[in-house]
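Following: one structure in structure tokens, then a few remarks.
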2 protein chains.
Amino acid sequence: MSVVDAAASVFCREGYAGANIDLIAAEAGVSRQTVYNHHGDKEKLFVAVVRDLTERCNAGIFATIASFPDQPTDLEADLIAFTVRMNRNCICNRDGRFLRKLIQAEGERYPELFAEWREQGPGRTWSALAARFARLAFAGHLAIGDPDVAARQFLALVNAELQITFMLGGTPTEEEVLCSATNGVRTFLSAFARKKSPAGKPAALVHA
Amino acid sequence: MSVVDAAASVFCREGYAGANIDLIAAEAGVSRQTVYNHHGDKEKLFVAVVRDLTERCNAGIFATIASFPDQPTDLEADLIAFTVRMNRNCICNRDGRFLRKLIQAEGERYPELFAEWREQGPGRTWSALAARFARLAFAGHLAIGDPDVAARQFLALVNAELQITFMLGGTPTEEEVLCSATNGVRTFLSAFARKKSPAGKPAALVHA
DNA sequence: GACGAATTGGACAAGTCTGTCTAAATTTGT
DNA sequence: ACAAATTTAGACAGACTTGTCCAATTCGTC
């Protein structure tokens with residue numbers, strides 16, 4: 001395991017103040033001196049960790065957004081599959097969980113570092129997703145007021161049932177991810193789909 | 001300021017490992033010895049802080065849920081007002097922000113403590129909200145599949161636009177709270193309201 | 001095989017923090 | 001006003017961290 005990866009793990013587990021360079025070195029399988037040779041001091045190492053995680057997470061997110069169903073055959077199924085890809089590969093994986101935790105714990109100590117993250121990450125993510133939803137609306141698949149609001153609400157809905165797990169640092173099971181995505185997408189479409197079926201039955205939800 | 005309040009502030013700002021008993025004592029306006037006399041050691045003090053915050057937050061949440069609009073005159077306006085009360089008095093206030101941060105930062109270190117929080121807090125909150133929504137559905141105001149899912153999605157929606165602010169430890173402005181609540185409730189009602197108006201206009205959303 | 005670069009283990013100083021102790025000062029109850 | 005309980009300031013030992021220094025060893029490359 002590389003030094004930065006080990007450092008990410010220890011910073012997340014112990015917090016910045018509680019993280020111990022000896023432990024990071026041991027977990028990375030190198031000597032402490034090597035850590036100092038490569039990264040200077042604890043603070044520089046922390047910044048390197050955040051930049052590394054931010055970069056990898058963003059790469060994953062935008063690669064996944066590229067697979068957004070622009071010409072859906074079955075809008076519900078396609079959006080659910082897209083959401084599951086996004087959650088499994090970007091939100092619930094190691095990098096995503098670590099980055100969230102570091103931001104929550106140390107965001108106030110490094111405002112400029114995390115302002116950068118906010119612009120490059122969530123800012124561009126919302127924007128890209130909003131553009132996709134706007135296109136779906138233009139093509140007549142959705143009836144959306146403000147695409148930016150819709151994008152944020154979409155992300156909130158599909159993660160609604162995972163938030164407590166995230167808060168406590170856990171990793172949702174594959175089944176929980178699918179369940180939350182299914183319920184979230186169905187509610188999203190109830191709110192925003194172009195109404196065509198006159199039947200009044202509310203869509204049955206996956207059991208929570 | 002009491003010792004526990006000062007400790008909550010310092011634990012949140014510096015993390016458990018970075019929190020310094022001298023600083024807590026100074027912020028509380030007492031001597032270090034008094035802190036030790038009252039709370040034994042650092043770990044016991046931390047547990048006392050979490051219990052205190054949990055208790056106060058839960059009290060506020062259930063007091064607010066008691067004001068849920070069971071017989072709404074204007075469902076949208078009533079739900080928005082309820083959401084703003086909940087957010088301002090329970091989610092965005094000092095106790096709410098501190099408790100969330102401590103859970104996120106130290107949840108893995110004290111599993112039993114936070115399992116207790118989870119049952120007493122979110123568990124009962126979802127259950128209570130779900131019961132209210134079920135009642136609204138029974139009275140013909142809503143068309144809901146699973147009330148538990150609806151309750152979690154409601155909370156996710158009305159906080160959708162505040163999540164980044166929460167992540168970075170900030171406090172949303174009154175206007176942001178109102179905006180997020182309005183957009184969230186409108187989307188929630190688009191998805192779950194008993195359809196009666198045949199007009200196809202999507203509700204205009206508050207500008208983000 | 002030989003040479004330069006990188007890595008290692010360990011020692012080290014300087015600083016911080018926790019938790020205890022004590023004697024003096026202050027507050028409280030009566 | 002007095003006695004008991006609490007609080008205070010400060011010193012203190014023990015442990016732990018960070019970051020540096022250095023001599024010995026290993027590694028990569030020619």
Side-chain angles (χ1 to χ4, degrees), chain A residues 1-53 98-99 101-114 169, chain B residues 1-53 98-99 101-114 169:
Chain A
M1 179 151 47
S2 88
V3 173
V4 189
D5 288 336
S9 169
V10 174
F11 278 133
C12 280
R13 206 168 60 237
E14 313 288 343
Y16 180 82
N20 166 308
I21 306 273
D22 284 348
L23 188 55
I24 293 173
E27 202 145 320
V30 300
S31 74
R32 174 179 50 216
Q33 190 59 52
T34 299
V35 175
Y36 281 106
N37 285 343
H38 284 354
H39 297 97
D41 64 14
K42 192 178 182 180
E43 187 160 344
K44 289 201 190 72
L45 176 56
F46 180 80
V47 172
V49 165
V50 173
R51 284 203 207 286
D52 186 62
L53 287 177
F98 281 6
L99 184 56
K101 185 149 180 189
L102 290 184
I103 288 162
Q104 287 158 352
E106 314 293 344
E108 287 167 279
R109 200 188 309 276
Y110 299 90
E112 71 300 332
L113 183 59
F114 291 109
Chain B
M1 180 151 46
S2 88
V3 172
V4 189
D5 288 337
S9 169
V10 175
F11 278 132
C12 281
R13 206 168 58 237
E14 314 288 344
Y16 180 83
N20 165 306
I21 305 274
D22 285 348
L23 188 55
I24 293 173
E27 203 147 317
V30 300
S31 74
R32 174 180 48 219
Q33 191 57 51
T34 300
V35 175
Y36 281 106
N37 286 342
H38 285 354
H39 297 97
D41 63 15
K42 194 178 180 180
E43 188 161 343
K44 290 202 189 72
L45 176 57
F46 179 80
V47 172
V49 165
V50 173
R51 286 204 205 285
D52 186 63
L53 287 176
F98 281 6
L99 184 56
K101 184 149 182 190
L102 291 184
I103 288 163
Q104 287 159 351
E106 315 293 343
E108 286 166 279
R109 201 189 309 276
Y110 299 91
E112 70 301 333
L113 183 59
F114 291 110

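Letters A, B, ... are given to chains in the order of the sequence lines, protein chains preceding strands, and every chain is numbered from 1.
A:Lys101 places no side-chain N or O within donor-acceptor distance of the main-chain N or O of A:Arg13, the cut-off being under 3.5 Å. Side chain of B:Gln104 to main chain of A:Gln104: no donor-acceptor pair is present (N/O by atom type, distance under 3.5 Å, no hydrogens or angles).
A:Ala19 comes within contact range of the sugar-phosphate backbone alone, with a heavy-atom separation under 4.0 Å but no base atom that close. Residue-level contact check: A:Ala25 touches neither bases nor backbone, having no heavy atom under 4.0 Å from any strand. Across all strands shown, B:His39 has no heavy atoms under 4.0 Å from either base or sugar-phosphate atoms.
A straight line from CZ of B:Arg32 to C1' of D:dT6 spans 18 Å, rounded to a whole angstrom. Here the P atom of nucleotide C:dT8 and the OH atom of A:Tyr36 are 15 Å apart, to the nearest Å. Distance CG (A:Asn20) to P (D:dC16): 10 Å, rounded to an integer number of Å. When rounded to the nearest whole Å, the span between CD1 of B:Ile21 and P of C:dT16 equals 17 Å. Atom CD of B:Glu43 is separated from atom C1' of C:dC17 by 16 Å (rounded to the nearest Å). A straight line from CD of B:Gln33 to P of C:dT22 spans 11 Å, rounded to a whole angstrom. The NZ-P distance, from A:Lys42 to D:dG19, rounds to 8 Å in whole Å. Separating the CG atom of A:Asn37 from the C1' atom of D:dC22 is a distance of 13 Å, rounded to the nearest angstrom.
When side chains are defined from C-beta on, B:Val4 does not count as touching B:His38, because their heavy atoms never get closer than 4.5 Å.
A residue-by-residue look at A:Gly18 and A:Gly40 shows that A:Gly18 has its nearest nucleotide of DNA chain D further toward the 5' end.
Distance check: A:Tyr36 OH to A:Lys42 NZ gives 8.5 Å after rounding to the nearest 0.5 Å. Here A:Leu23 contributes atom CG and A:Glu14 contributes atom CD; the two are 6.5 Å apart, rounded to the nearest 0.5 Å.
Candidate nucleotides D:dG19, C:dG10, D:dA9 were compared by shortest atom distance to the side chain of B:Ser31, and D:dA9 ranks first.
Under 4.0 angstrom from either OP1 or OP2 of D:dT8 there lies at least one side-chain N or O belonging to B:Thr34. Dashed line: the shortest gap from a side-chain N or O of B:His38 to OP1 or OP2 of D:dT6 is not under 4.0 Å.
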